[in-house]
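Taking it in order: structure first as C-alpha cells, then the write-up.
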Amino acid sequence: MTGGNCAVAIFIERERERAAPFSPGINSEFPPASFIGRSMSFTGPSVAASAGRTARRAFDFGRTYVVRPKGKHQATIVWLHGLGDNGNSWSTLLETLPLPNIKWICPTAPQQPITLFGGFPSTAWFDVSDLSENSSDDLDGLDASATYVASLLANEPSDIKLGIGGFSMGAATSLYSATCYALGKYENGNQFSPNLSAVVGLSGWLPCAKSLSNKLEGKDEAAGRAASLPILLCHGKGDDVVAYKFGEKSAEKLSSTGFRDTTFKSYPALGHYTIPEEMDEVCAWLNAKLGLQGM
C-alpha cells in the first residue's frame, strides 16, 4: 500500500470506529436491523468529460437497514453514516437507544471516487475536495443524496413525524436537507417534499453556507419554515477530522439566517466519534422536539 492509500485507509477506518466508545459491539455478528436491500439508483446532471464530451454521474446507493420501533410508531428518522462507513453500523447503535417510538432508516451511500483521497473510491454521500472553508460543494452529489433521503421518507404515514440525522459527512447531508426543506427545493430546482420535524448533525458541517443568506433573503415562506425547524448540532473540541470550528460556525450561520430553533452542544474531550453523553443529549432533544409519548 502506498503512503497516500495508507492515509486514506486510516481516515476511513477512523470514521468507522466513531461509535466504538459508545457501543463495543458495533460489529455484532447478528445486527438487529432488518435489511431492506439495494433500492435505488440516480443519474445526476451532465458533468464535463474528456475531449469535450459530457458524462452522466450515476449514484448507486447501497444497502438500507431499518430499525423498527419497539413501541407505538410516532416518528421516522433517516440516519446517515460518515465517509467510508455503511448503514449497518449506525443501525446497530441506534437500536440500543431508549427511543421506542422512533423508526430508524439507515441507508448506505454510493461508492464513488473522492477527490480528497486522490480519486480513491469510498462510500460517500457526495464528493469532497478539501475539509476547509474555501472548498467547493458537490451540488450534484448533495442533491442526489438529499433526493434519495426524501424518497426513503415518502411512504411514511401522514401522522408520523419525519426527521433526518447523521454523523460527519452524513451530518453535512442532513443539514443540506434542512436548507432544502426551508427553501422548498433542491439546488437543481426540483421540489423538496418531506415535511421535516427535526434535523440532527453530529461532528459535521453546513454545505453551501456562504450562499445561504442570499437564497433565503426576501422569501417569507422559506423564512417561516426555517424558523420552525428544530436543529441539533453536536461537536467535540478534540475533533481532528472535522474541526470544531466548522460545527460552531455552521450553527452560527444557521441561526443568523433564520433557523431560530438551532441548538449547538460542544464536548471538551470528544474527538471524531460519539459518546454516551452526546447520545443522551440526542435522545432527550428528540423526545422534547418530536413530542414522543411513552411506549
Side-chain angles (χ1 to χ4, degrees), residues 14-15 17-23 26 75 77-83 85 89-90 93-99 101-102 104 106 125 131 133 149 161-179 181-182 196-209 212 225-292:
R14 291 176 64 192
E15 285 278 284
E17 290 176 350
R18 78 281 174 284
F22 179 75
S23 177
I26 197 72
I77 297 176
V78 175
W79 191 271
L80 306 175
H81 61 76
L83 179 62
D85 204 354
S89 60
W90 272 101
L93 187 155
L94 295 169
E95 197 271 342
T96 68
L97 299 182
L99 293 169
N101 306 115
I102 294 181
W104 300 94
C106 303
W125 301 108
L131 292 176
E133 296 179 71
V149 169
K161 295 181 179 179
L162 307 178
I164 303 174
F167 174 83
S168 192
M169 176 180 275
T173 308
S174 301
L175 295 176
Y176 178 74
S177 296
T179 64
Y181 164 74
L196 298 181
S197 296
V199 173
V200 179
L202 309 182
S203 305
W205 69 95
L206 175 65
C208 307
L212 186 57
R225 286 191 292 268
S228 64
L229 178 62
I231 300 177
L232 173 65
L233 281 75
C234 301
H235 218 111
K237 292 186 176 180
D239 194 330
D240 59 354
V241 176
V242 179
Y244 174 79
K245 67 177 181 180
F246 293 134
E248 187 175 42
K249 289 184 177 181
S250 294
E252 292 171 354
K253 172 60 73 171
L254 287 166
S255 296
S256 67
T257 52
F259 290 84
R260 298 174 188 169
D261 195 358
T262 297
T263 301
F264 181 68
K265 296 290 184 179
S266 62
Y267 303 87
L270 180 62
H272 198 63
Y273 49 82
T274 190
I275 53 176
E277 180 186 354
E278 183 181 45
M279 296 312 297
D280 288 346
E281 197 88 56
V282 170
C283 291
W285 186 87
L286 287 173
N287 269 317
K289 296 300 182 180
L290 298 177
L292 302 179

Gap between atom [atom2] of [Y] and atom [atom1] of [X] - 0.5 Å precision:
X: Asp239; Y: Ser168; atom1: CG; atom2: OG; value: 7.5 Å
X: Met279; Y: Leu202; atom1: CE; atom2: CG; value: 6.0 Å
X: Leu94; Y: Leu99; atom1: CG; atom2: CG; value: 9.0 Å
X: Tyr181; Y: Ile231; atom1: OH; atom2: CD1; value: 10.5 Å
X: Leu232; Y: Thr263; atom1: CG; atom2: OG1; value: 6.0 Å
X: Phe167; Y: Ser203; atom1: CZ; atom2: OG; value: 4.5 Å

Results of side-chain contact (heavy atoms from CB on, under 4.5 Å) for Val149 - residues two or more places apart only: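 side-chain contact (heavy atoms from CB on, under 4.5 Å) check on Val149 returns Val78, Leu80, Ile164.
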By side-chain contact (heavy atoms from CB on, under 4.5 Å) - contacts of Ser197 (at least two apart):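 With sequence neighbours excluded, Ser197 shows a side-chain contact (heavy atoms from CB on, under 4.5 Å) to Lys161, Leu290, given in chain and number order.
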Set of residues satisfying salt bridge (charged side-chain N to carboxylate O under 4.0 Å, His left out) with respect to Glu278, sequence neighbours excluded: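 Applying salt bridge (charged side-chain N to carboxylate O under 4.0 Å, His left out) to Glu278 gives none.
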Salt bridge (charged side-chain N to carboxylate O under 4.0 Å, His left out) partners for Lys249, two or more places apart: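 Counting only residues at least two positions away or on another chain, Lys249 forms a salt bridge (charged side-chain N to carboxylate O under 4.0 Å, His left out) with Glu133.
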When you compare the side chain of [Y] with that of [X], does any pair of heavy atoms fall below 4.5 Å?
X: Leu270; Y: Glu277; value: no
X: Leu93; Y: Trp104; value: no
X: Leu233; Y: Leu175; value: yes
X: Phe259; Y: Leu212; value: yes

N/O donor-acceptor pair under 3.5 Å between Trp125 side chain and His81 backbone: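 At least one qualifying donor-acceptor pair exists.
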Any donor-acceptor pair under 3.5 Å from His235 side chain to Val242 backbone: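 At least one qualifying donor-acceptor pair exists.
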Between [X] and [Y], what is the shortest heavy-atom contact and its length?
X: Ser174; Y: Gly166; answer: OG-N, 3.4 Å
X: Ala171; Y: Gly204; answer: CB-CA, 3.8 Å
X: Pro230; Y: Ser228; answer: CD-O, 3.2 Å
X: Pro268; Y: Lys237; answer: O-CB, 3.6 Å

Tyr244: partners by ring-ring contact (aromatic ring centres under 6.0 Å, His included), with sequence neighbours left out: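 If we apply the ring-ring contact (aromatic ring centres under 6.0 Å, His included) test to Tyr244, skipping adjacent residues, the hits are Phe264.
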Steps toward side-chain contact (heavy atoms from CB on, under 4.5 Å) verdict (Trp285, Lys265): CA-CA 11 Å; Trp285 186 87; Lys265 296 290 184 179; over 6 Å; no
Pairs meeting criterion side-chain hydrogen bond (donor to acceptor under 3.5 Å, both in side chains) with involvement of residues 250-260, two or more places apart: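 Checked against side-chain hydrogen bond (donor to acceptor under 3.5 Å, both in side chains) - neighbours excluded - no pair reaches residues 250-260.
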The single option from Val199, Val200, Leu162, Ile102 passing side-chain contact (heavy atoms from CB on, under 4.5 Å) against Ile77: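 Testing each of Val199, Val200, Leu162, Ile102 against Ile77, the sole residue satisfying side-chain contact (heavy atoms from CB on, under 4.5 Å) is Ile102.
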